[in-house]
Amino acid sequence: MAKRTLSNLVSRGIAYSFESRVVSMQLFGQSLMYSTKISGDSDTHEDFRSTNKLEGSGISVQDVVQQDVKVNPVMIYMKGVPDAPRCGFSALAIKVLQQYRVPISSRNILEDPVLKEGVKAFSNWPTFPQIFVKGEFIGGSDIVLSMHQNGQLKELLSDINGDDSKPSGE
Ligand SMILES: N[C@@H](CCC(=O)N[C@@H](CS)C(=O)NCC(=O)O)C(=O)O
Ligand code: FES
């Protein structure tokens, strides 16, 4: 059983241990315990449980993703939608991308567990958001933020036809 203790936190009187999906926390002698597990979706908070829309359509999810990233120069698979992200990481990625004059295409993976798993398999990346630019997988919110900060994102997006209603990224 995997059990990890963060010794630097222990030294400050705080210890976390992760066993299966149960998180126990000791805070200055007080012990709190809660479970993050939800049935049918082991990684997502219960509020965001998915419903399946792609299943039964006859289209392979890999084909859907392949087509998405081919036809949309900036494609994000996220939790929620750009106007209403359902997670801070997705909100951050959208905020970064919105600094540029580019159209942003998105799919809400919370609506479809088949799509969610298909995207993970396609990119071989375990978390969301997932951002693709010009058909290539870029990464998640950490990567897109650091590419914004170091100028790489501006360079990468520079040849994508802009939306004049958006700011330029300056
Ligand atoms: N450090 C990650 C943060 C994203 C993250 O940890 N996402 C989690 C929580 S929203 C996730 O997608 N977990 C898997 C899942 O929900 O299926 C990034 O740079 O994108
Ligand atoms: S849904 Fe909980 S951290 Fe993203």
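Remember, it's 1-based here, ligands and their atoms both numbered in the order they're listed. The figures that follow rest on heavy atoms only: side chains count, while hydrogens, waters and symmetry mates do not.
- Residue contacts with ligand 1: T127 is placed with no nitrogen or oxygen under 3.5 Å of a nitrogen or oxygen of the ligand (distance criterion only).
- Close approach to C87 involves these atoms of ligand 1, each under 4.0 Å from a residue heavy atom: 10 (S).
- Remark: F137 engages W125, F132 in a ring pair (Phe, Tyr, Trp, His ring centres under 6.0 Å) (not counting sequence neighbours).
- With a heavy-atom cut-off of 4.0 Å, S90 does not touch ligand 1 at all.
- Just one residue in the list V69, L156, L157 forms a side-chain contact (heavy atoms from CB on, under 4.5 Å) with V74, and that residue is L157.
- Here is the list of ligand 1 atoms found below 4.0 Å of a heavy atom in S141: 18 (C), 19 (O), 20 (O).
- Looking at ligand 1, you'll find an N or O of F128 within less than 3.5 Å of one of its N or O atoms.
- Near C87, the atoms of ligand 2 lying under 4.0 angstrom from a non-hydrogen atom of the residue are 1 (S), 3 (S), 4 (Fe).
- When the options M78, K116, R86 are evaluated for a side-chain contact (heavy atoms from CB on, under 4.5 Å) with F128, the one that passes is K116.
- More than 12 heavy atoms of other shown residues, nucleotides or ligands fall within 6.0 angstrom of atom CG in D63.
- Checked for salt-bridge contact, D159 and K134 meet the test: a charged N lies under 4.0 Å from a carboxylate O.
- Atom numbering of ligand 1 starts at 1 in the shown order; those under 4.0 Å from a heavy atom of D142 are 1 (N), 18 (C), 19 (O).
- Not a single heavy atom of Q130 lies less than 4.0 angstrom from ligand 1.
- Contacts of F89 with ligand 2, taken as heavy-atom pairs under 4.0 Å, involve the side chain alone.
- For the side-chain contact (heavy atoms from CB on, under 4.5 Å) with I131, the qualifying choice from L97, V96, I94, I104 is L97, the only one to do so.
- Residue K116 has at least one heavy-atom neighbour below 4.0 Å for each of these atoms of ligand 1: 15 (C), 16 (O), 17 (O).
- Residue-ligand proximity, G140 to ligand 1, at heavy-atom distances under 4.0 Å covers atoms 19 (O), 20 (O).
- Numbered from 1 in the order shown, with element, the atoms of ligand 1 that lie under 4.0 Å from a heavy atom of P126 read 14 (C).
- Checked options V133, I76, L153; the residue passing with I138 is V133 (criterion: side-chain contact (heavy atoms from CB on, under 4.5 Å)).
- Remark: the Y77 side chain and the N108 side chain contain no N/O donor-acceptor pair separated by less than 3.5 Å.
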